[in-house]
Amino acid sequence: MSLSSSGMCSRLSLIRLYGVGTNSINIGIYSHHVSCQYRLQLCRHYSSPKFGRGIGQYVTSTIQNVNCKYEGFLKRRFPRIYTIHFTFTQGLKLVFQDFKEIKRISKKMRSEGLEFHNLPYRDMEKLRQTRKYLIKAFPLALLSLPPFANYLVFVLMYFFPRQVLIPHFWTPKQKVEFWGQYHSRRVQHHLPLLKELEDMSQQIKPGHPQKQLQTLCAQVQSGKNPKVSEILAVRTLYSGLLLNVMSVNHLRHISALLFLTPYLPGFLVERRLYGHALELLQLDRALTNLGPHQLDDSELRQACFLRGINPYTLSIKQCREWLSVWLQVSVSLTESERMLLLHSILFLSTNYPNGSARH
């Protein structure tokens, strides 16, 4: 009896031992399974797009807060530096917007097989402006990339804003001042160019066209604004005769009217002038199709400045009147007569608005 009892106790002990061991194993396996599932859920959570967006939003908001505090500090303690900083940041935004516009226009041209002259006026003007501005802005953008290099950029903006910056980075006051300085440089070439035209007229065979050109030059020199019909009367000269007697010095003066580099070999100066004359003629045709009345004040001033006058010294009404006269000349010309369009910068802008009205 005692033996059987002891055997039963030993079996119970073994069962209890094995039972405990089984439970421990099960619990260990279950715990490991739960921990793996938890880690898997954490991985899925932190690698999910929502979590990535959350991190991105947090970083963005943090940068914006730091930037706002930095701008507030500059505005309170260094207002002039803040103005430069604000102008620079706004200018960068405009540059990136223009880059997107250029990308859109280029994509449109490729997909639809369009040429430059097939584009609407605003797309043509945006393409023309941005190509020129991006070339000038590219070195400045590279210079601002390294850490703390923006301080050097601020120094350049402060001391040489006209030379190193494109109009995107000019303050409204600077735009008026700098456009005036550029126009003053352009005006310096009016009288030398008139003298060149007079000398050229002497090389043309005597006749009616020669007399008309001499009369036109005399009217401009006397302070009068020539009529559209008087300008168009010499158009035949610009399709052949005058082109054969234009000197390199003459071409350099015309290049200065368009702010093109005149210090190039003569054949390159001539080639660039013909290209810009054609581009300007195509712009005028697109603007005529759009209607000059559709331009806002900023677009109107830009159009007038490109064509030879300083719009910041004129009223909006005067700008519209002058541009209307210009377009009357331009739409009457063919591509072979496009050099007359460049000389119209001289004929129409020299005495405007102070000359006697003859339109």
- Establish, yes or no, whether the cationic atom of R128 lies under 6.0 Å from the six-membered ring centre of F116 and within 45° of the ring axis. no
- Less than 4.0 Å between a side-chain N and a carboxylate O, is that true for R122 and E299? yes
- Give a yes or no answer on whether the side chain of D123 reaches the backbone of P120 with a donor-acceptor pair at less than 3.5 Å. no
- Taking side chain as C-beta onward, heavy atoms only, is V187 less than 4.5 Å from N310? no
- Please list all pairs passing the side chain to side chain donor-acceptor pair (under 3.5 Å) test where one or both residues lie in residues 253-265, with sequence neighbours left out. H189-H253
- Check: R162 side chain, Q181 main-chain N or O, donor-acceptor pair, under 3.5 Å: no
- Query: Do L278 and L327 belong to the same hydrophobic cluster, where Ile, Leu, Val, Met, Phe, Trp and Tyr are linked whenever their side-chain heavy atoms lie under 4.5 Å apart, directly or via other members?
  - Reply: no
- Task: Let me know which of L348, L258, L341, L280 forms a side chain to side chain contact (heavy atoms under 4.5 Å, CB included) with R307.
- Result: L280
- Task: Any chance you could lay out the side-chain contact (heavy atoms from CB on, under 4.5 Å) test for L346 and L197, step after step, and finish with the verdict?
- Result: CA-CA 11 Å; L346 173 70; L197 278 175; 3.8 Å; yes
- Message: According to a hydrophobic-cluster definition based on side-chain heavy atoms being under 4.5 Å apart (Ile, Leu, Val, Met, Phe, Trp, Tyr only), do F267 and V248 belong together?
- Response: no
- Does a sphere of radius 6.0 Å around CD in Q202 hold more than 12 heavy atoms from other residues, nucleotides or ligands, not counting ones at 6.0 Å or beyond? yes
- Check the hydrophobic clustering (I, L, V, M, F, W, Y; side-chain heavy atoms under 4.5 Å; chains of links allowed) and say if F169 and F259 are grouped together. yes
- Item | Pairwise side-chain contact, L295 with Y121, heavy-atom cut-off 4.5 Å (strictly under) | yes
- Which atom pair, heavy atoms only, marks the closest approach of K126 to T130? O-OG1, 2.7 Å
- Query: Rounded to the nearest 0.5 Å, how far does CG of N351 lie from NZ of K224?
  - Reply: 10.5 Å
- Which atom of L213 lies closest to which atom of V234, heavy atoms considered: N-CG1, 3.7 Å
- Note: I231 and F347 closest approach over all heavy atoms is CD1-CB, 4.0 Å
- Does L260 reach the side chain of L273, with side-chain heavy atoms less than 4.5 Å apart? yes
- Query: Would Y182 and V164 show up in the same hydrophobic cluster when neighbours are defined by side-chain heavy atoms closer than 4.5 Å?
  - Reply: yes
- Message: Show the nearest heavy-atom pair for residues S222 and Q219, with the distance to one decimal.
- Response: OG-O, 2.8 Å
- Task: Give, for atom NE2 of H343 and atom CG of L194, the distance between the pair rounded to the nearest 0.5 Å.
- Result: 9.5 Å
- Side chains of M246 and Y238 in contact at under 4.5 Å (non-hydrogen atoms): yes
- Atom OG1 in T215, atom CD in Q210: separation rounded to 0.5 Å? 10.0 Å
- Heavy-atom nearest pair, G266 first then R252, reads N-NH2, 4.4 Å
- Message: One pair to check against side-chain contact (heavy atoms from CB on, under 4.5 Å): R320 and L323. What are the steps and the verdict?
- Response: CA-CA 5 Å; R320 293 193 184 280; L323 185 60; 5.8 Å; no
- Rounded distance [0.5 Å steps], CG in D284 versus CG in L333: 9.0 Å
- Task: Report yes or no: do E196 and S247 form a side-chain donor-acceptor pair below 3.5 Å?
- Result: yes
- Counting N and O atoms only, with roles assigned by atom type, does the side chain of R285 sit under 3.5 Å from a partner on the main chain of Q282, one being a donor and the other an acceptor? no
- Task: Under the side-chain contact (heavy atoms from CB on, under 4.5 Å) rule, what do S324 and Q328 come out as? Steps first, then yes or no, please.
- Result: CA-CA 6 Å; S324 175; Q328 290 178 45; 3.8 Å; yes
- Query: Looking at CG of L216 and NZ of K227, how far apart are the two atoms once the value is rounded to the nearest 0.5 Å?
  - Reply: 12.5 Å
- If only atom types and distance count, is the side chain of Q294 paired as donor or acceptor with the main-chain N or O of G291 below 3.5 Å? no
- Could you check if a side-chain atom of Q212 sits within less than 4.5 angstrom of a side-chain atom of L237, using non-hydrogen atoms only? no
- Item | Side chains of L94 and Y133 in contact at under 4.5 Å (non-hydrogen atoms) | no
- Message: Checking Q90 against K93 for the side-chain contact (heavy atoms from CB on, under 4.5 Å) test, could you report, in this order, the C-alpha distance in whole Å, the side-chain angles of both residues, the deciding distance, and whether it holds?
- Response: CA-CA 5 Å; Q90 293 301 312; K93 292 178 182 178; 3.6 Å; yes
- Task: Examine the side chains of D98 and H168 and answer whether a donor and an acceptor come within less than 3.5 Å of each other.
- Result: yes
- Taking 4.0 angstrom as the limit, do K195 and E198 come out as a salt bridge? no
- Task: Might you confirm whether atom CZ of R104 has over 12 heavy atoms from other residues, nucleotides or ligands at distances under 6.0 Å?
- Result: yes
- Taking all non-hydrogen atoms of both residues into account, name the closest pair between K175 and P167 and its distance. CE-O, 3.4 Å
- Can you tell me how far OG of S349 sits from OH of Y352, rounded to the nearest 0.5 angstrom? 11.5 Å
- Task: Report yes or no: is the cationic atom of R186 (NZ for Lys, CZ for Arg) under 6.0 Å from the centre of the six-membered ring of F305, at an angle within 45° of the ring normal?
- Result: yes
- Message: For Y274, is there any backbone N or O sitting under 3.5 Å from a side-chain donor or acceptor partner on R338?
- Response: yes
- Message: Between V331 and M124, is there shared hydrophobic-cluster membership here, with clusters defined by ILVMFWY side-chain heavy atoms closer than 4.5 Å?
- Response: no
- Item | Side-chain touch L165/T87, heavy atoms, less than 4.5 angstrom | no
- Query: Heavy atoms, side chains only, cut-off 4.5 Å: are V325 and E321 in contact?
  - Reply: no
